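Each remark here refers to the structure printed beneath this line.
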Protein chains: 2
Amino acid sequence: MRYYTRLGLLKPAKSVNGYKSYSNKEVSRLKFILSARNLDFSVADIKEIINESEDGKSACPLVRSLIKERLEETEKQFQAMLALRGKMSSALSQWEEMEDKAPTANMVCHLIENFEQIKKA
Amino acid sequence: MRYYTRLGLLKPAKSVNGYKSYSNKEVSRLKFILSARNLDFSVADIKEIINESEDGKSACPLVRSLIKERLEETEKQFQAMLALRGKMSSALSQWEEMEDKAPTANMVCHLIENFEQIKKA
DNA sequence: TTAGACCTGTGTCTAAGACACATGTCAAGT
DNA sequence: ACTTGACATGTGTCTTAGACACAGGTCTAA
């Protein structure tokens with residue numbers, strides 16, 4: 001992707017004509033980036049990881065700690081989506097059985113305005 | 001929020017001094033917007049719904065059809081997150097037991113580069 | 001030689017706000 | 001009356017991770 005090149009994650013050497021030349025290194029780096037993106041590392045994370053490894057250090061500890069963070073975030077979002085999904089499907093089924101109403105000065109749509117999640121006791 | 005005002009969803013009358021005056025209508029409209037956002041309607045959806053209701057029509061059919069769409073999207077994202085979560089936690093536990101390795105010319109971090117999701121048979 | 005197919009970097013767009021900023025206005029204290 | 005500090009205003013920029021477009025350069029085949 002040109003995007004990664006723009007960010008400086010890839011630095012392809014230009015051949016004489018101006019076209020990019022993709023060395024083995026660039027190719028494997030791109031693969032690395034894509035693998036990392038697949039695991040939900042952010043581009044900033046990846047930058048950090050690459051920097052670490054360019055200093056000759058092992059990036060593994062950093063990688064472990066980052067995945068822990070990202071996993072927690074994902075878990076939170078997952079729970080949020082779970083709740084949202086429940087709320088939405090509850091709304092959908094409620095609304096199927098409610099009649100239409102015309103809007104009023106203070107109400108755009110009663111379906112939404114009067115929707116209350118049925119609490120799970 | 002000033003954001004909604006910027007988008008023209010709220011049109012508060014300015015009082016003489018330049019401060020906004022929030023009529024009942026504006027207040028209830030803001031509440032409507034927030035309720036709709038809670039149900040994962042996009043701001044564009046909300047705009048559409050409001051337009052419909054400003055024409056005097058009942059927005060209910062539109063609302064029902066939109067929530068259906070949004071719910072399907074949410075379901076997809078939910079499944080994606082479920083898979084992602086599994087992948088990430090699998091990576092995490094795998095990596096806990098693997099040793100650090102220094103980077104090489106073609107490898108940034110072997111944890112990521114060699115990670116393969118264990119397929120569920 | 002030239003047409004068409006490819007490549008280049010760069011600029012703008014996305015969603016839903018968050019944050020900052022210069023300016024404007026108010027109430028209270030001196 | 002004047003000033004200070006606390007709020008309000010609209011507007012501009014920033015965020016993510018790219019997608020798309022565009023003007024221009026370069027290659028290959030006819």
Side-chain angles (χ1 to χ4, degrees), chain A residues 1-23 26-27 29-51 63 66-67 69-78 80-81 83-85 87-88 108 112, chain B residues 1-23 26-27 29-51 63 66-67 69-78 80-81 83-85 87-88 108 112:
Chain A
M1 203 86 212
R2 285 190 247 201
Y3 175 58
Y4 299 132
T5 304
R6 177 146 37 171
L7 294 187
L9 289 187
L10 297 174
K11 293 161 195 162
K14 292 184 194 181
S15 56
V16 195
N17 49 25
Y19 280 22
K20 286 169 181 170
S21 98
Y22 290 102
S23 63
E26 302 298 333
V27 172
R29 179 167 285 198
L30 178 57
K31 282 187 196 160
F32 167 75
I33 295 174
L34 294 177
S35 305
R37 291 286 306 126
N38 251 318
L39 282 164
D40 199 42
F41 287 101
S42 74
V43 171
D45 291 343
I46 295 174
K47 211 171 220 167
E48 213 182 330
I49 295 169
I50 288 182
N51 284 346
V63 166
L66 283 173
I67 191 85
E69 283 180 50
R70 298 298 158 254
L71 179 55
E72 280 170 34
E73 292 168 12
T74 299
E75 182 62 30
K76 269 186 206 160
Q77 291 175 39
F78 176 79
M81 291 217 63
L84 177 62
R85 186 179 67 156
K87 207 192 313 182
M88 290 173 76
V108 177
I112 291 176
Chain B
M1 203 85 209
R2 284 189 247 202
Y3 175 58
Y4 298 132
T5 304
R6 178 148 31 174
L7 294 188
L9 288 188
L10 296 174
K11 293 162 196 161
K14 292 184 193 179
S15 56
V16 195
N17 48 27
Y19 280 23
K20 286 168 181 169
S21 99
Y22 290 102
S23 61
E26 301 299 332
V27 171
R29 178 166 285 198
L30 178 57
K31 281 187 198 160
F32 168 75
I33 295 173
L34 295 177
S35 304
R37 292 287 304 127
N38 253 317
L39 282 165
D40 200 41
F41 287 101
S42 75
V43 171
D45 290 344
I46 295 174
K47 211 171 220 166
E48 212 182 331
I49 294 169
I50 288 184
N51 284 346
V63 166
L66 283 172
I67 192 86
E69 283 181 50
R70 298 298 158 253
L71 178 55
E72 279 170 35
E73 291 168 14
T74 299
E75 183 63 28
K76 269 187 206 159
Q77 291 176 39
F78 176 79
M81 292 219 62
L84 178 63
R85 185 179 69 156
K87 206 193 314 184
M88 290 174 74
V108 177
I112 291 176

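This is a predicted model, so every value here is computed, not measured. Within every chain, numbering begins at 1; the chains are lettered A, B, ... in the order of the sequence lines, protein sequences first and strands thereafter.
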Q: Specify the separation, in whole Å, of atom CG of A:D40 and atom P of D:dG18.
A: 11 Å
Q.
Run B:I50 and B:F32 through side-chain contact (heavy atoms from CB on, under 4.5 Å) and show every step you take.
A. CA-CA 10 Å; B:I50 288 184; B:F32 168 75; 3.9 Å; yes
Q.
I want to confirm an ordering. Mapping B:G18 and A:G18 to their closest nucleotides on DNA chain C, which one lands closer to the 5' end?
A. A:G18
Q) Side-chain contact, heavy-atom cut-off 4.5 Å: B:F41 with B:I67? A) yes
Q: Any chance you could lay out the side-chain contact (heavy atoms from CB on, under 4.5 Å) test for A:V108 and B:I33, step after step, and finish with the verdict?
A: CA-CA 9 Å; A:V108 177; B:I33 295 173; over 6 Å; no
Q | Ionic contact status for A:D40 with B:K87, cut-off 4.0 Å | A | no
**Q.** Pair A:K76 + A:E73, salt bridge at N-O below 4.0 Å
**A.** no
Q) Can you tell if the side chain of B:D45 reaches within under 4.5 Å of the side chain of B:E69, non-hydrogen atoms only? A) no
Q) Looking at DNA chain C, which of residues 70-78 of chain A put a heavy atom within less than 4.0 Å of it? A) none
(Q) On the nucleotide D:dC27, are OP1 or OP2 found under 4.0 Å from the side-chain N or O atoms that A:N17 carries? (A) yes
Q) A:K20 has an atom NZ; how far is it from atom C1' of D:dT26, in whole Å? A) 15 Å
Q: Select one nucleotide: of D:dT9, C:dT25, C:dT8, the one nearest the side-chain heavy atoms of A:Y19.
A: C:dT8
Q) Do B:T5 and B:L9 have side chains that get closer than 4.5 Å, going by heavy atoms? A) no
Q | Footprint string (nucleotides 13-19 of chain C, 5' to 3'): B base within contact, S backbone only, - free, heavy atoms under 4.0 Å | A | ---BBB-
Q.
Rounded to whole Å, how long is the line connecting atom OH of A:Y22 with atom P of C:dC6?
A. 16 Å
Q. Considering only heavy atoms and no angle criterion, is a donor-acceptor pair shorter than 3.5 Å present between the side chain of A:R2 and the base of D:dG18?
A. no
Q. Any side-chain heavy atom of B:L10 within less than 4.5 Å of one from B:R29?
A. yes
